**Q** 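Shown below is the structure under consideration.
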Amino acid sequence: MSASLPFDAPEVTDAIAAWMPSTRWYPLKGQQADASLAHAYPLGDDAAILLLRAGDALLQVPVAWRDEPGAAHIAQLDGRWLVDACHDPDAVQAILDVASGARAVTDLEGDTAGEPPAPAGASRVVSGEQSNTSIIGGDGSWIAKVFRVVHPGDNPDVVVTGALTRAGSKPVPALLASLRARWPVGDAFVTGHLLAVSEFVSGADDAWELYRQHALATLRGEEREAPDARALGTAVATVHRDLAAALGTAAATEADTHSFISGLEQRLGWAREQAADALADLDDELGRAKEQLREIRSIGELQHIHGDLHLGQVLRSSAGDWLLLDFEGEPLRPMHERAIREPRLRDVVGMLRSFDYAAGSAQQELPDADPAIADAWVEQRQREFLAGYADAAGPVDEHDPVFRALLLDKALYEVVYEVRNRPDWLQVPLEAVRRLLRPSAA
Ligand SMILES: Nc1ncnc2c1ncn2[C@@H]1O[C@H](COP(=O)(O)OP(=O)(O)O)[C@@H](O)[C@H]1O
Ligand SMILES: O=P(O)(O)O[C@H]1O[C@H](CO)[C@@H](O[C@H]2O[C@H](CO)[C@@H](O)[C@H](O)[C@H]2O)[C@H](O)[C@H]1O
């Protein structure tokens with residue numbers, strides 16, 4: 001066995017740079033971006049957490065040297081295997097030790113909410129996700145989310161979930177531990193979160209799949225009991241109430257309202273630019289929608305919210321309770337925009353859009369099904385959800401210009417998301433944008 005190369009050797013950076021674009025989480029697909037090592041945190045001799053700069057992004061790549069390629073190798077260099085440490089249980093344990101405070105590493109700081117998480121054991125990586133890498137360990141008692149794109153500042157997935165955990169919020173799995181890193185930027189140092197370890201909800205169903213299956217069954221003419229959207233609405237309102245109690249609320253000032261409107265204007269411009277081909281024939285309507293934003297007088301009360309709420313962020317436990325995940329905000333948004341207080345309606349419209357997506361996805365699978373049945377299905381789920389939300393938080397005014405503006409904002413965000421990630425799905429949000437821009441929808 002030959003000695004391993006040091007983790008800051010140029011060959012190591014080059015091998016990782018060549019491998020990253022093949023991963024699901026790489027955020028710069030299709031772009032030409034040189035990668036360079038920004039910082040290395042050694043975890044003993046044979047593993048390290050590396051931060052690589054690629055284009056504008058700072059990417060986290062935990063790695064280890066092994067004699068065998070293991071489940072996820074990056075490259076073979078000098079007779080040893082450089083592997084993705086997320087797939088290597090020993091390296092996962094080393095990372096967990098730092099997060100739990102059991103191992104000290106310069107420039108890394110762990111934090112546990114209470115009892116440290118159980119030992120990693122035979123940990124495994126969750127398949128089928130996109131923005132980050134999640135590892136289940138501790139005999140299925142925890143799930144560790146490795147933030148692949150690292151930002152200076154607090155990650156809301158740690159701070160917001162941590163606050164909800166301390167407040168004992170029921171519809172959110174508890175945060176157990178987190179890891180913060182310090183790295184140099186110019187002459188100064190900044191800090192940011194690398195990892196969040198949460199209680200794993202085993203045997204849970206994914207809400208997206210539950211609703212999609214129900215929409216499919218309905219389009220096929222089968223009668224089935226629908227998953228309880230009213231209880232889901234109440235769960236979302238409960239989380240909003242808990243977030244307000246834990247992190248406070250503020251009545252929007254005139255300046256808040258102005259900056260909210262200009263934020264929406266900018267995002268509308270961003271969507272027009274990013275999805276120019278898809279939105280070309282809606283140019284006049286989008287111009288009018290932008291002018292209508294100026295009619296918003298006040299945005300009401302502001303607070304921390306989920307920020308990217310959709311059915312894929314919701315689980316139904318085996319006991320039938322709805323649980324909300326992933327308080328990281330919209331991944332296409334810069335981090336400083338994600339930490340701000342927002343109207344609760346942003347989350348409400350996220351869920352309403354998601355029911356439309358579930359039906360849209362079912363229609364794509366069953367193109368001969370009656371569209372009126374799909375529309376009625378969406379309408380009913382949305383009504384039930386809003387009724388449940390109102391049970392705990394009071395009614396939502398669907399004619400409020402803020403509600404309509406946020407609905408359009410979300411659908412435009414989705415158009416950009418689909419143009420970049422899933423062009424086959426583009427019609428789903430595009431149809432919604434068309435509907436929302438129709439004069440009768442105002
Ligand atoms: N606490 C949890 N318990 C059970 N499953 C979870 C938990 N957290 C996440 N998951 C599963 O992992 C998936 C991805 O998690 P998420 O936090 O949404 O990651 P990402 O930001 O990469 O999308 C979820 O859709 C869910 O299936
Ligand atoms: O889960 P992420 O935080 O990575 O969120 C991004 O990806 C989502 C898709 O996985 C995307 O959600 C859109 O598609 C969903 C169906 O797959 C649908 O339920 C959502 O309503 C729709 O917005 C999300 O917008 C994006 O930020």
Side-chain angles (χ1 to χ4, degrees), residues 23-25 27 60 86 117 124-138 140-149 155-158 160-161 164-165 171-176 193 195-212 215 271 306-318 321-333 338 346-362 364 378 381-382 385 407 409-422 424-430 432-433:
T23 65
R24 290 185 67 101
W25 49 263
Q60 179 180 187
C86 296
R124 66 182 166 88
V125 168
V126 178
S127 60
E129 55 178 308
Q130 295 172 333
S131 335
N132 296 293
T133 299
S134 292
I135 306 163
I136 297 172
S141 61
W142 52 253
I143 180 164
K145 177 144 112 174
V146 176
F147 301 124
R148 289 298 192 165
V149 181
N155 189 312
D157 219 7
V158 174
V160 177
T161 314
L164 286 168
T165 302
V172 178
L175 180 76
L176 304 176
H193 286 113
L195 182 80
V197 186
S198 306
E199 171 198 358
F200 181 70
V201 186
S202 66
D205 290 311
D206 172 58
W208 163 256
E209 212 37 49
L210 287 171
Y211 280 102
R212 204 182 72 88
H306 181 284
D308 185 23
L309 197 54
H310 57 83
L311 287 166
Q313 316 278 35
V314 179
L315 297 178
R316 191 177 67 183
S317 75
S318 48
D321 298 322
W322 293 112
L323 299 164
L324 273 47
L325 306 172
D326 194 3
F327 284 74
E328 207 186 353
E330 286 173 339
L332 301 188
R333 279 226 229 185
R338 297 195 223 163
R346 192 181 277 289
D347 284 347
V348 173
V349 304
M351 289 303 295
L352 299 181
R353 290 285 317 120
S354 214
F355 292 119
D356 184 55
Y357 253 81
S361 149
Q364 282 189 333
V378 176
R381 302 291 85 73
Q382 293 182 337
F385 176 85
L407 208 45
D409 179 67
K410 186 73 199 180
L412 286 171
Y413 169 88
E414 290 168 342
V415 167
V416 177
Y417 183 85
E418 303 307 356
V419 164
R420 290 191 186 176
N421 295 289
R422 304 181 296 196
D424 290 354
W425 291 60
L426 179 58
Q427 279 315 313
V428 179
L430 204 50
V433 168

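Read the numbers this way: they start at 1 and go in the same order the structure lists the ligands and their atoms. Residue indices begin at 1 and follow the sequence shown. Just so it is clear, the structure is predicted and the values come from calculations on it, not from any experiment.
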**Q** Would you check if the side chain of Gln382 reaches a backbone N or O of Leu352 as a donor-acceptor pair within less than 3.5 Å?
**A**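 Checked: pair present.
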**Q** Among His310, Glu328, Arg212, whose heavy atom sits nearest atom 20 (C) of ligand 2?
**A**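 Comparing heavy atoms across His310, Glu328, Arg212, the nearest one to atom 20 (C) of ligand 2 lies in His310.
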**Q** Classify the contact between Leu325 and ligand 1 as side chain, backbone, both or neither, using a heavy-atom distance cut-off of under 4.0 Å.
**A**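 Only the side chain of Leu325 comes within reach of ligand 1.
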**Q** Between Ile143 and ligand 1, which part of the residue brings a heavy atom under 4.0 Å of the ligand: side chain, backbone, both or neither?
**A**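 Side chain only.
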**Q** Would Arg346 and Asp308 pass as an ion pair if we require N to O under 4.0 Å?
**A**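 No, this pair does not count.
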**Q** Determine yes or no for a side-chain-to-main-chain donor-acceptor pair under 3.5 angstrom, with Asp321 supplying the side chain and Ser317 the backbone.
**A**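 No, because the side chain of Asp321 does not come within donor-acceptor range (under 3.5 Å) of the backbone of Ser317.
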**Q** Closer than 3.5 angstrom, by distance alone: can the side chain of Asp326 be matched with the main-chain N or O of Gln313 as a donor-acceptor pair?
**A**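 No: the side chain of Asp326 does not pair with the backbone of Gln313.
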**Q** Counting only heavy atoms, tell me which of Gly312, Ala196, Ser317 gets closest to atom 25 (O) of ligand 1.
**A**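 Answer by nearest heavy atom: Gly312.
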**Q** Give the numbers and elements of all ligand 1 atoms closer than 4.0 Å to a heavy atom of Gln313.
**A**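 Near Gln313, the atoms of ligand 1 are 18 (O).
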**Q** Can you confirm, on distance only, whether ligand 2 has an N/O atom lying under 3.5 Å from any N/O atom belonging to Trp425?
**A**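 No, there is no polar N/O contact under 3.5 Å.
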**Q** Among residues at least two apart in sequence or on other chains, which ones pass side-chain hydrogen bond (donor to acceptor under 3.5 Å, both in side chains) with Gln60?
**A**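 Here no residue qualifies.
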**Q** Would you check whether Ser134 has a nitrogen or oxygen atom less than 3.5 angstrom from a nitrogen or oxygen atom of ligand 1?
**A**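 N/O-N/O distance under 3.5 Å: no.
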**Q** Could you name the option among Asp308, Leu315, Ile136 that has the heavy atom nearest to atom 27 (O) of ligand 1?
**A**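 Considering heavy atoms of Asp308, Leu315, Ile136, the nearest to atom 27 (O) of ligand 1 sits in Leu315.
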**Q** Please list, in number order, the atoms of ligand 1 under 4.0 Å from a heavy atom of Pro173.
**A**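 Answer for ligand 1: 1 (N).
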**Q** Need the ligand 1 atom indices (1-based, order shown) with element for anything under 4.0 Å from a heavy-atom of Glu199.
**A**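 Here the atoms of ligand 1 in question are 1 (N), 2 (C).
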**Q** Would you please name every residue forming a salt bridge (charged side-chain N to carboxylate O under 4.0 Å, His left out) with Arg148, sequence neighbours left out?
**A**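 Arg148 satisfies salt bridge (charged side-chain N to carboxylate O under 4.0 Å, His left out) with Asp84 only.
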**Q** Tell me whether the rings of Phe355 and Tyr211 are parallel (<30°), tilted (30 to 60°) or perpendicular (>60°).
**A**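 Perpendicular.
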**Q** Heavy atom to atom 26 (C) of ligand 2, shortest distance: which of Phe355, Tyr417, Tyr357 holds it?
**A**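 The nearest heavy atom belongs to Tyr417.
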**Q** Does an N or O from Trp208, backbone or side chain, lie closer than 3.5 Å to an N or O of ligand 2?
**A**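 Such a contact does not occur with ligand 2.
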**Q** Which is it for Asp356 and ligand 2 at heavy atoms under 4.0 Å: side chain, backbone, both or neither?
**A**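 Neither part.
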**Q** Which is closest to atom 14 (O) of ligand 2 by heavy-atom distance: Arg353, Arg422, Glu418?
**A**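 Considering heavy atoms of Arg353, Arg422, Glu418, the nearest to atom 14 (O) of ligand 2 sits in Arg422.
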**Q** For ligand 2, which is the ligand I care about here, please tell me if Lys410 has any N or O atom under 3.5 Å from one of the ligand's N or O atoms.
**A**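 Among all N and O atoms of Lys410, none is under 3.5 Å from an N or O of ligand 2.
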**Q** Atoms of ligand 2 less than 4.0 Å from Gln313 heavy atoms?
**A**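 Near Gln313, meaning under 4.0 Å from one of its heavy atoms, ligand 2 has 1 (O), 3 (O).
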**Q** Quick one: do the Asp424 and Gln364 side chains pair a donor with an acceptor below 3.5 Å?
**A**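 No, because no side-chain N or O of Asp424 sits under 3.5 Å from a partner of the opposite role on Gln364.
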**Q** Does ligand 1 have a heavy atom under 4.0 Å from the side chain of Lys145, from its backbone, from both, or from neither?
**A**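 Side chain only; the backbone of Lys145 stays clear of ligand 1.
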**Q** Could you list the atoms of ligand 2 found under 4.0 angstrom from a heavy atom of Ser354?
**A**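 The list of qualifying atoms is 18 (C), 19 (O), 20 (C), 21 (O).
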**Q** Find all atoms of ligand 2 within a distance of less than 4.0 Å from any non-hydrogen atom belonging to Asp326, and give their numbers and elements.
**A**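 Reading through ligand 2 atom by atom, the close ones are 3 (O).
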